[in-house]
There are 2 protein chains.
Amino acid sequence: MAKTIAERSDIIPVLAEIFREHGFEGASLSVITEKTGLGKGSLYHFFPGGKAEMAQAVLTEIDSWFEEKIYRPLREAEDPASAIRSTCRAVADYFNSGRRICLVGAFALDNVRDRFASQINGYFASWITALSSALQRLGHNVEAAMTLAEEAVIAVQGALVIARALNDSALFERAMTRIEKQLTN
Amino acid sequence: MAKTIAERSDIIPVLAEIFREHGFEGASLSVITEKTGLGKGSLYHFFPGGKAEMAQAVLTEIDSWFEEKIYRPLREAEDPASAIRSTCRAVADYFNSGRRICLVGAFALDNVRDRFASQINGYFASWITALSSALQRLGHNVEAAMTLAEEAVIAVQGALVIARALNDSALFERAMTRIEKQLTN
DNA sequence: AACAGAGTTTACCGATAGGTACAATTTGGA
DNA sequence: TCCAAATTGTACCTATCGGTAAACTCTGTT
């Protein structure tokens with residue numbers, strides 16, 4: 001019956017969705033086996049460290065996605081204004097207009113924060129720094145760029161919280177539109 | 001040994017702190033008995049519905065605190081500008097400059113959201129509505145007031161997420177200062 | 001064709017989860 | 001002072017938790 005089907009990298013997006021839906025503690029191994037279709041044996045084959053290693057892998061994948069699609073374009077694009085615009089759209093798409101939560105933000109509010117502190121910290125620090133870099137090249141001074149970037153990332157995370165609380169994806173879209181305008185006006 | 005010491009209302013703030021610290025799923029009965037000093041017998045005497053009823057009670061208490069200290073002043077104060085200023089300070093104090101998370105926001109991102117959907121929804125809806133009311137009496141038209149209010153509540157929640165993620169309460173204070181200024185400029 | 005190792009299934013473990021039952025105790029009021 | 005109700009302690013229940021062990025089955029390589 002056993003087949004060499006799964007690869008570690010195939011499972012990670014599924015794990016990400018599971019953690020988003022159930023949280024870290026709520027994602028029991030039985031849920032994980034059910035949704036991935038993998039038994040505990042396979043799971044522990046790929047992730048000897050258990051749930052903690054699975055979550056680490058998910059956070060790492062999220063970080064590299066953002067690095068490639070958001071942070072790097074913001075830092076390196078020769079046209080910072082259009083980079084800001086297109087990464088705002090990419091963020092809105094990534095979070096499916098507020099219907100999908102930010103796993104890193106959710107972990108930050110959860111009691112697992114300390115366990116994944118450095119990844120959580122790095123995620124938001126990189127985001128703010130990259131955005132600030134684009135804003136500086138857009139003409140803002142260091143301080144103003146930092147403030148604007150901080151405000152924008154705060155607004156994205158806040159909008160995710162409120163959109164989910166009110167079950168209102170239009171609210172998230174409104175917020176993203178305001179953020180984009182505020183950054184590129 | 002049994003003493004008639006505890007009252008339901010005395011326990012609720014302790015429960016609130018426990019849920020803030022451990023989340024809903026993480027707040028096991030053993031943690032709750034330990035931190036409250038009450039055995040399961042007492043706990044189930046006060047809250048026959050178990051953990052779910054405890055969380056409901058906590059959410060209800062939070063809602064009535066905000067109703068009294070934030071929403072009502074915003075709706076009814078004859079000086080809306082100073083009401084906005086003083087409720088901003090009250091909010092910053094309540095969240096201990098970002099060191100204390102918003103339980104309702106955390107629940108919104110958690111998988112328990114559906115279970116407490118109406119309380120979560122009501123909390124944020126009331127906040128935005130009350131703030132919008134004060135802004136209208138300050139001279140903004142209905143639409144502008146609503147947008148500003150939405151933006152402010154989003155910023156508070158976002159700042160709580162980021163401040164906790166970066167372990168940076170100064171960031172939260174900066175955000176609250178900006179919010180206050182933006183609402184009363 | 002056969003072997004090694006990657007991948008998988010199954011059965012099991014101790015610990016703890018939330019919850020229940022009920023007897024023991026304390027308390028305020030008559 | 002004594003009783004009924006309020007409160008608490010203890011023992012116990014079943015289900016599930018995360019994790020382990022080891023036998024098994026594929027699959028690519030030679």
Side-chain angles (χ1 to χ4, degrees), chain A residues 1-59 61 103 106-107 110-116, chain B residues 1-59 61 103 106-107 110-116:
Chain A
M1 294 126 186
K3 279 198 183 179
T4 305
I5 290 177
E7 289 202 26
R8 217 184 107 114
S9 57
D10 295 334
I11 312 166
I12 293 178
V14 182
L15 289 174
E17 228 43 56
I18 294 171
F19 284 127
R20 257 185 264 271
E21 192 176 342
H22 295 89
F24 182 76
E25 315 235 23
S28 68
L29 287 195
S30 70
V31 168
I32 296 173
T33 55
E34 187 191 335
K35 299 242 177 188
T36 58
L38 264 54
K40 288 187 184 183
S42 305
L43 253 12
Y44 276 84
H45 174 68
F46 290 119
F47 306 95
K51 269 176 75 175
E53 189 173 341
M54 298 178 207
Q56 284 283 1
V58 167
L59 290 175
E61 163 133 319
L103 188 59
F107 274 19
D110 198 277
N111 66 322
V112 297
R113 179 192 63 153
D114 294 345
R115 245 204 269 199
F116 304 107
Chain B
M1 293 132 183
K3 279 199 180 178
T4 305
I5 290 178
E7 288 204 25
R8 220 183 103 115
S9 57
D10 296 334
I11 312 167
I12 293 178
V14 183
L15 289 174
E17 228 43 55
I18 294 171
F19 283 127
R20 256 185 265 270
E21 191 176 342
H22 295 89
F24 182 76
E25 315 235 22
S28 68
L29 286 195
S30 70
V31 168
I32 296 174
T33 54
E34 185 192 335
K35 298 242 175 186
T36 59
L38 264 54
K40 288 187 184 183
S42 306
L43 252 12
Y44 276 84
H45 173 69
F46 289 120
F47 305 96
K51 268 176 75 175
E53 188 173 342
M54 297 178 207
Q56 284 285 359
V58 167
L59 289 176
E61 163 133 319
L103 187 61
F107 274 18
D110 198 277
N111 66 323
V112 298
R113 180 193 63 153
D114 294 345
R115 245 204 270 200
F116 304 108

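Because only heavy atoms are used, hydrogens play no part in the values below, and waters and symmetry mates are left out as well, while side chains stay in. Since this is a predicted model, take the numbers as computed values, not measurements. Just so it is clear: chains get the letters A, B, ... in the order the sequence lines come, proteins before strands, and each one is counted from 1.
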Under 4.0 Å, counting only non-hydrogen atoms across every strand here, what does B:G41 touch: a base, just sugar-phosphate, or nothing?
base
B:L29 CG to D:dA11 C1', straight-line distance once rounded to whole Å
16 Å
Looking only at side-chain atoms of B:K51, point me to the closest of D:dT7, C:dG19, D:dG19.
C:dG19
Candidates C:dG7, D:dT7, C:dG19 - which lies nearest the side chain of A:F46:
C:dG7
Rounded distance in Å - CD (A:E34) to P (D:dG18):
13 Å
Using a heavy-atom cut-off of under 4.0 Å over every strand shown, decide if B:A27 touches base, sugar-phosphate, or nothing.
sugar-phosphate
Per atom distances to the A:H45 side chain, the nearest of D:dG19, D:dT7, C:dT8 is C:dT8
Report the distance from atom CD1 of A:I18 to atom P of D:dG18, rounded to the nearest whole Å.
12 Å
N or O in side chain of B:S30 less than 4.0 angstrom from C:dT16 OP1/OP2
no
Kindly assign one of parallel, tilted or perpendicular to the pair A:F19 and A:F24, based on the angle between their ring planes and the thresholds 30° and 60°.
parallel
I need the B:L43 CG to B:L15 CG distance, nearest 0.5 Å.
7.0 Å
Whole angstrom value for the distance that separates C1' of D:dG19 from CE of A:M54
10 Å
At under 4.0 Å between heavy atoms, what does A:S28 touch on the DNA or RNA strands: base, sugar-phosphate, or nothing?
sugar-phosphate
Grab the CZ-C1' distance between B:F47 and C:dT20 for me, whole Å please.
18 Å
So that I can tick it off, tell me whether B:E53 and B:R8 are bridged by a salt bridge, with the cut-off set at under 4.0 angstrom between side-chain N and carboxylate O.
yes
Could you tell me the separation between the CG atom of B:L43 and the P atom of D:dT7, rounded to a whole number of Å?
13 Å
B:L38 CG - C:dG18 P separation (whole Å)
16 Å
So does B:K40 reach the base of D:dG9 with its side chain, donor to acceptor, closer than 3.5 Å?
no
Give the nucleotide from the list D:dG19, C:dT8, C:dA17 with an atom nearest to the side chain of A:Y44.
D:dG19
Residue that, paired with B:K35, satisfies side chain to side chain contact (heavy atoms under 4.5 Å, CB included) out of B:V31, B:L38, B:T33
B:V31
Between A:D10 (CG) and C:dG7 (P), how many Å, whole number?
11 Å
B:I11 and B:M54: side chain to side chain contact (heavy atoms under 4.5 Å, CB included), yes or no, with the steps?
CA-CA 9 Å; B:I11 312 167; B:M54 297 178 207; over 6 Å; no
